[in-house]
Asker: 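Structure incoming, see below.
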Amino acid sequence: MDNRLRLTTTIEGIRYLANQALAFRGHDESVDSSNRGNFVEILKSFARMNIEVEKVVLDKAPHNAQYIAHDIQKQILHIFATKVKKKICAELGKNKYCILVDESLDESDTNALTLKQEICKVLDNNGILMENMRGQGYNGASNMRGSWNGLQALFLQDCPYAYYVHCFAHRLQLALNGAAKDVKVVWRFFSMLTNIVNFVSASAKSRNELNLIRKAELKELLDSRELETDCMLRELNDRFPEQTVELLILSSALDPRNSFKSFNIRHLCKLAKKFYHADFSPSDLKGLEIELRLRSTIADEFLADCMILHIEREFANSIDNEEIIEEFKISKPRRICIFEGKAYYVPPD
């Protein structure tokens with residue numbers, strides 16, 4: 001009974017955080033921390049409200065059965081999300097449906113045939129019949145809307161009633177762009193702003209070039225005031241040599257702001273190879289890339305599961321804790337990939 005109550009408390013904590021789209025982890029989750037993150041803190045709150053819960057959770061639980069490890073959180077959350085998706089598919093049944101597809105920044109192969117195969121795989125895995133498709137909504141890219149080889153044309157070959165509609169949000173954007181062209185001042189401003197943002201954010205080289213331009217402008221400004229600039233420019237060069245700038249750019253891939261938006265596997269591997277080569281053998285570098293890619297996949301899965309519970313909270317709240325517990329008891333552990341004698345966790349299919 002203690003074990004079931006402990007697991008139920010964990011499940012309710014996960015349900016609440018996911019429904020409210022709140023972060024799970026904290027910066028310092030150690031026992032001595034005053035704030036161990038939302039997940040642990042909500043378990044402590046449950047314990048303060050119920051003496052029976054207080055007797056069995058956190059430090060009162062056996063070390064190997066606390067159910068607070070990050071992998072346990074992800075596993076239970078994935079069980080939740082899977083059950084929600086099954087409920088949605090069961091509600092859909094054999095009814096007609098439409099699909100909306102947006103671009104993915106991490107998908108390198110955007111060939112229409114590849115996209116169709118991936119979409120069909122998702123439909124098949126969830127027991128959704130492709131022939132019941134009655135509509136398609138994409139942006140205006142040629143690989144999506146092409147009349148002959150676009151994604152919409154490929155689906156129309158199998159589903160003649162799956163009519164294609166150009167995404168209204170994208171249409172609105174195009175309409176606003178067209179209207180803005182008639183207001184020259186507005187059009188010129190946003191065109192220049194877009195070009196600047198695209199150019200600067202395109203690569204580290206672009207950012208370096210912008211820094212050089214800024215230094216040149218600073219020099220002209222100081223020269224116009226008849227000030228000596230050599231010593232100041234020399235100071236800038238001394239403070240920010242090329243190697244230091246590159247180190248900072250590569251290290252920015254570890255910036256936790258905006259949910260690790262700057263995370264970049266290629267930059268991290270280059271950081272290890274170029275600046276810390278003594279700490280990484282060739283096999284270590286290969287293992288590092290594998291582990292980073294697997295961890296990135298697991299993080300994407302975790303975010304997707306959270307969003308499912310947050311968006312479809314009515315379905316999520318209809319799932320009984322006992323269902324989650326039984327599924328958790330029989331669920332398979334995450335697979336492990338062995339490379340060069342090291343173990344790497346692989347997310348479940």
Side-chain angles (χ1 to χ4, degrees), residues 18-19 21 74 77-178 293 296-319 323-324 327 331-332 346-349:
N19 278 0
K74 293 173 184 176
L77 180 65
H78 189 66
I79 292 172
F80 251 126
T82 301
K83 286 189 171 294
V84 169
K85 287 188 285 187
K86 287 181 178 179
K87 282 181 174 289
I88 293 173
C89 293
E91 184 181 77
L92 176 62
K94 294 183 179 181
N95 294 316
K96 314 306 179 186
Y97 64 90
C98 300
I99 63 171
L100 295 174
V101 180
D102 199 1
E103 63 182 340
S104 174
L105 296 178
D106 60 349
E107 182 58 60
S108 57
D109 187 356
T110 56
N111 177 273
L113 183 58
T114 303
L115 292 175
K116 182 191 176 186
Q117 291 171 346
E118 291 299 318
I119 293 172
C120 289
K121 187 187 298 183
V122 172
L123 296 177
D124 185 58
N125 288 342
N126 289 282
I128 300 174
L129 301 177
M130 186 176 66
E131 54 263 32
N132 287 337
M133 187 187 300
R134 289 297 180 269
Q136 311 172 62
Y138 318 125
N139 62 21
S142 59
N143 64 324
M144 309 297 277
R145 64 176 177 82
S147 301
W148 300 103
N149 297 316
L151 180 60
Q152 64 97 8
L154 295 179
F155 272 121
L156 279 173
Q157 293 174 7
D158 300 322
C159 313
Y161 301 113
Y163 298 109
Y164 164 67
V165 176
H166 188 170
C167 171
F168 282 106
H170 190 238
R171 280 186 172 184
L172 177 61
Q173 180 186 11
L174 295 176
L176 292 175
N177 285 341
R293 292 192 182 281
S296 178
T297 302
I298 293 172
D300 290 343
E301 177 193 83
F302 179 76
L303 178 59
D305 290 343
C306 284
M307 290 304 297
I308 289 173
L309 264 68
H310 176 63
I311 295 171
E312 304 291 349
R313 58 174 67 103
E314 289 186 10
F315 283 112
N317 288 333
S318 69
I319 298 173
E323 293 182 55
I324 304 297
E327 186 73 24
S331 62
K332 296 179 181 179
V346 181
D349 296 330

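Keep in mind it's a predicted model, so treat the numbers as computed, not measured.
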Asker: What's the separation between atom CD in Gln152 and atom NZ in Lys116, rounded to the nearest 0.5 Å?
Answerer: 12.0 Å

Asker: So does Arg313 get a backbone contact from the side chain of Asn317, meaning a donor-acceptor N/O pair under 3.5 Å?
Answerer: yes

Asker: Would you list the pairs meeting side chain to side chain donor-acceptor pair (under 3.5 Å) in which at least one residue belongs to residues 81-95, sequence neighbours left out?
Answerer: none

Asker: Can you name the residues that form a side-chain contact (heavy atoms from CB on, under 4.5 Å) with Tyr163, not counting sequence neighbours?
Answerer: Tyr161

Asker: Once you round to the nearest 0.5 Å, how far does CG of Leu151 lie from CD of Glu118?
Answerer: 11.5 Å

Asker: About how many Å separate CD of Glu131 and CG of Leu123, when rounded to the nearest 0.5 Å?
Answerer: 10.5 Å

Asker: Mind checking what makes side-chain hydrogen bond (donor to acceptor under 3.5 Å, both in side chains) contact with Arg134, not counting sequence neighbours?
Answerer: none

Asker: With a 4.5 Å cut-off on side-chain heavy atoms, are Met133 and Asp158 touching?
Answerer: no

Asker: Could you list the residues that satisfy side-chain hydrogen bond (donor to acceptor under 3.5 Å, both in side chains) with Asn125, not counting sequence neighbours?
Answerer: none

Asker: Can you name the residues that form a side-chain hydrogen bond (donor to acceptor under 3.5 Å, both in side chains) with Asn132, not counting sequence neighbours?
Answerer: Lys96

Asker: Looking at Ala162 and Leu156, what are the two nearest heavy atoms and their distance?
Answerer: O-CD2, 3.2 Å

Asker: Out of curiosity, Ile99 CD1 to Ile119 CD1, how far, rounded to the nearest 0.5 Å?
Answerer: 4.5 Å

Asker: Which pair of non-hydrogen atoms, one from Cys306 and one from Leu77, has the smallest distance, and what is that distance?
Answerer: SG-CD2, 3.4 Å

Asker: How far does CG of Leu309 sit from CD1 of Ile319, to the nearest 0.5 angstrom?
Answerer: 7.0 Å

Asker: Considering non-hydrogen atoms only, spot the tightest contact between Ile128 and Cys89 and give its length.
Answerer: CD1-SG, 4.0 Å

Asker: What pair of heavy atoms forms the shortest contact from Glu323 to Ser318, and how long is it?
Answerer: OE2-O, 4.5 Å

Asker: Could you pull out all residues at least two apart from Asn126 that satisfy side-chain hydrogen bond (donor to acceptor under 3.5 Å, both in side chains)?
Answerer: none

Asker: For residues Leu115 and Tyr138, determine if any side-chain heavy atom of one lies less than 4.5 Å from a side-chain heavy atom of the other.
Answerer: no

Asker: Does Ile324 reach the side chain of Phe80, with side-chain heavy atoms less than 4.5 Å apart?
Answerer: yes

